[in-house]
Amino acid sequence: MKQKLIMIATVALFFSCSSGEKKAMNEQDDFNYSVEKFADLEILRYQAPGFEELTLKQKELIYYLSQAALEGRDILFDQNCRYNLAIRRTLEAIFENYSGDKTSSDYKEFEIYLKRVWFSNGIHHHYGEEKFLPGFSETFFAETVKVIDPSELPLKEGETVEHLITELTPVMFDPSLLAKKVVQDPHVDAIYTSANNYYEEGITQKEVEDFYNKMKDPKDTKPVSYGLNSRLVKENGQLTEKVWKVGGLYSPALERIVGWLEKAATVAENDNQKRSIELLIEYYKTGDLKKFDEYCINWVQDIDSEIDFVNGFTESYGDPLGMKASWESIVNFKNPEATKRTIIISDNAQWFEEHSSVADQFRKKVVKGVSAKVITNAIMGGDCYPATPIGINLPNANWIRKEYGSKSVTIENITDAYDKAARGNGFNEEFVWSDVERQSLKDYAFITGNLHTDLHECLGHGSGQLLPGVDPDALGIYGSTIEETRADLFGLYFIADKKLVDLGLLNNPEAYKSEYYKFMMNGLMTQLVRIEPGKSIEESHMRNRALIARWVLEKGQSEQVVELAQKDGKTYVSINDYNKLRELFGDLLAEIQRVKSEGDFNTAKDLVEKYAVKVDPALHTEILGRYKKLNLSPYKGFVNPVYEPVKDATGRITDVKVSYNEGYAGQMMRYSKEYSSLPSYN
Ligand code: ZN
């Protein structure tokens with residue numbers, strides 16, 4: 001599970017505590033974090049402080065793993081929609097060959113559209129899931145494609161340029177065709193209507209559910225992650241899985257990934273890590289989900305390595321039924337100074353589990369192996385790029401988490417980059433109720449934000465247990481939202497606990513107020529800047545924040561715990577009773593854990609539909625108007641650093657150099673040339 005950024009924009013930061021004080025030797029003060037802005041996006045860059053201090057062998061390992069991380073990019077494009085690769089390649093051909101007027105509005109709109117396609121790994125918004133439309137005309141598209149040398153275009157066997165244009169035009173321009181990547185509306189068939197490529201066109205939700213229910217054995221205490229690594233298709237009227245593996249679907253990309261992993265295995269830090277890499281290779285070669293579990297179990301127990309990575313079909317947010325996983329990768333190394341913080345948290349995991357507000361039968365009796373660390377991200381690929389998570393907790397299989405624990409990370413060079421890029425942007429002046437809250441945010445938002453992520457990932461997702469016999473997929477299309485709600489509430493409940501001060505994680509018992517304020521302001525108001533007028537909330541993390549914030553607003557209404565207050569004709573969040581607010585978070589945590597533990601689909605549905613989806617149009621219009629004046633981008637993403645091996649005359653790597661100078665379009669075009677092995681249609 002991954003935690004996306006909670007803050008839309010954050011506060012100017014003055015380090016009051018935490019690891020931020022200690023700068024690594026090669027971190028530059030004058031680093032330019034912002035790369036460019038377009039549409040609703042801002043591209044940032046991040047540093048990897050500490051990379052240069054790693055040993056040659058560790059640098060070499062990161063280099064091989066980073067290559068493996070970049071080779072899966074095409075897979076994600078194809079998973080997101082079956083036309084994505086053909087569209088990306090056609091647009092890139094225009095980008096490279098266009099000789100017309102580059103100051104024309106059509107061409108400018110074309111550039112914006114291509115940059116958005118790169119950002120979203122396809123034609124659907126990376127967060128809102130809806131298709132975004134080109135701002136240039138269909139005629140411009142047809143005319144520019146027609147003059148390109150056909151050898152530069154992604155033509156199918158025997159296909160004409162005319163046909164390519166005819167096929168792609170409605171896919172790009174018709175708002176009703178493939179309108180949404182992930183449909184989570186209970187009133188329609190979520191599989192039939194979703195535009196993703198996990199299920200062949202025409203297959204219904206009922207067919208999918210029947211197919212997988214037949215495979216599941218309720219008595220199996222160690223079920224594999226059914227459906228995780230395949231596309232479901234119909235052949236001769238029969239449903240069958242096309243498995244993503246070497247020799248199967250996506251083979252060309254997976255072969256390259258395996259090639260880099262084989263090199264990585266030769267420079268592994270220790271035998272345990274080497275074994276993890278080898279198991280991952282075996283899994284990619286066989287597609288065997290039991291092998292995947294074996295890999296996960298080995299990987300979660302590798303806690304001594306300094307370098308770590310995720311590479312594979314991992315998160316299932318892109319599948320309405322939460323089974324099929326998008327491909328992603330992240331390569332990282334430990335930030336030892338900041339990790340002291342998460343070690344304290346994980347060492348006390350049992351205390352937190354025992355003192356949460358959930359009913360006894362839903363708690364884990366013994367919390368196993370929660371390992372948590374703060375990491376420096378070296379490279380992101382697939383579904384972690386360019387929009388990145390700020391925290392990750394894996395593996396996802398419930399029984400492995402219960403028996404072997406989970407690994408949890410907070411990605412601090414990313415949160416740091418967000419923070420620095422947002423300094424003095426005017427956001428808090430516009431939306432925060434008073435100077436009291438602004439001062440609290442200034443002093444504590446960075447540390448409490450990171451701590452909330454630590455608690456969310458390290459303890460929240462790992463906490464609680466399912467009652468015996470409860471299907472982990474019982475909450476269906478509401479599963480992801482409920483799971484994120486649970487993890488966020490766990491973090492919110494404990495960030496206000498005196499225990500954090502006793503443990504030395506916070507130096508002020510009032511510090512949590514900054515996180516409470518930020519969370520409520522975001523959940524009730526400011527996250528709406530990410531939603532287009534007239535649309536509802538779709539993305540799981542946004543739904544979870546709305547659910548929590550609106551639920552406590554309603555439950556605390558009679559005592560005015562939290563209010564939406566007016567000042568000078570503008571709406572603000574005002575928190576009147578922080579203690580009571582914490583109690584309400586605790587009450588909701590208890591209920592959400594019950595829903596999860598019992599697999600109570602109906603309550604999950606009621607909670608999500610009542611609190612998490614709908615948008616108040618008047619408030620929405622107001623917030624959008626105020627936000628627009630600030631000229632900020634509601635979504636951010638990152639370009640990666642570039643890693644360049646230095647070789648001696650024999651071809652042996654003698655050093656790996658890192659640089660941060662690559663631009664956005666330059667990086668995307670380079671990736672499309674160097675790491676693109678799949679055919680346009682798979
Ligand atoms: Zn999460």
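Atoms within a ligand are numbered from 1 in the order they appear, just like the ligands themselves. Predicted, not measured: the structure shown is a model, and the values here were computed from it. The first residue of the sequence shown is numbered 1, and numbering continues consecutively from there. The basis for the numbers below is simple: all heavy atoms, side chains too, and nothing from hydrogens, waters or symmetry mates.
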Metal site the Zn ion (ligand 1): N/O/S of H541 inside 2.8 Å: no

Identity of the N, O or S atom of E484 lying closest to the Zn ion (ligand 1): OE1

More than 12 heavy atoms from other groups under 6.0 Å of NZ on K290: no

Whether S597 side chain and R594 backbone form a donor-acceptor pair below 3.5 Å: no

Chi angles and distances behind the ring-ring contact (aromatic ring centres under 6.0 Å, His included) call for Y295, Y283: CA-CA 8 Å; Y295 155 73; Y283 160 62; 7.3 Å; no

Cation-pi geometry met for K513 and Y578 (6.0 Å, 45°): yes

N/O/S atom of D488 inside 2.8 Å of the Zn ion (ligand 1), strictly under: no

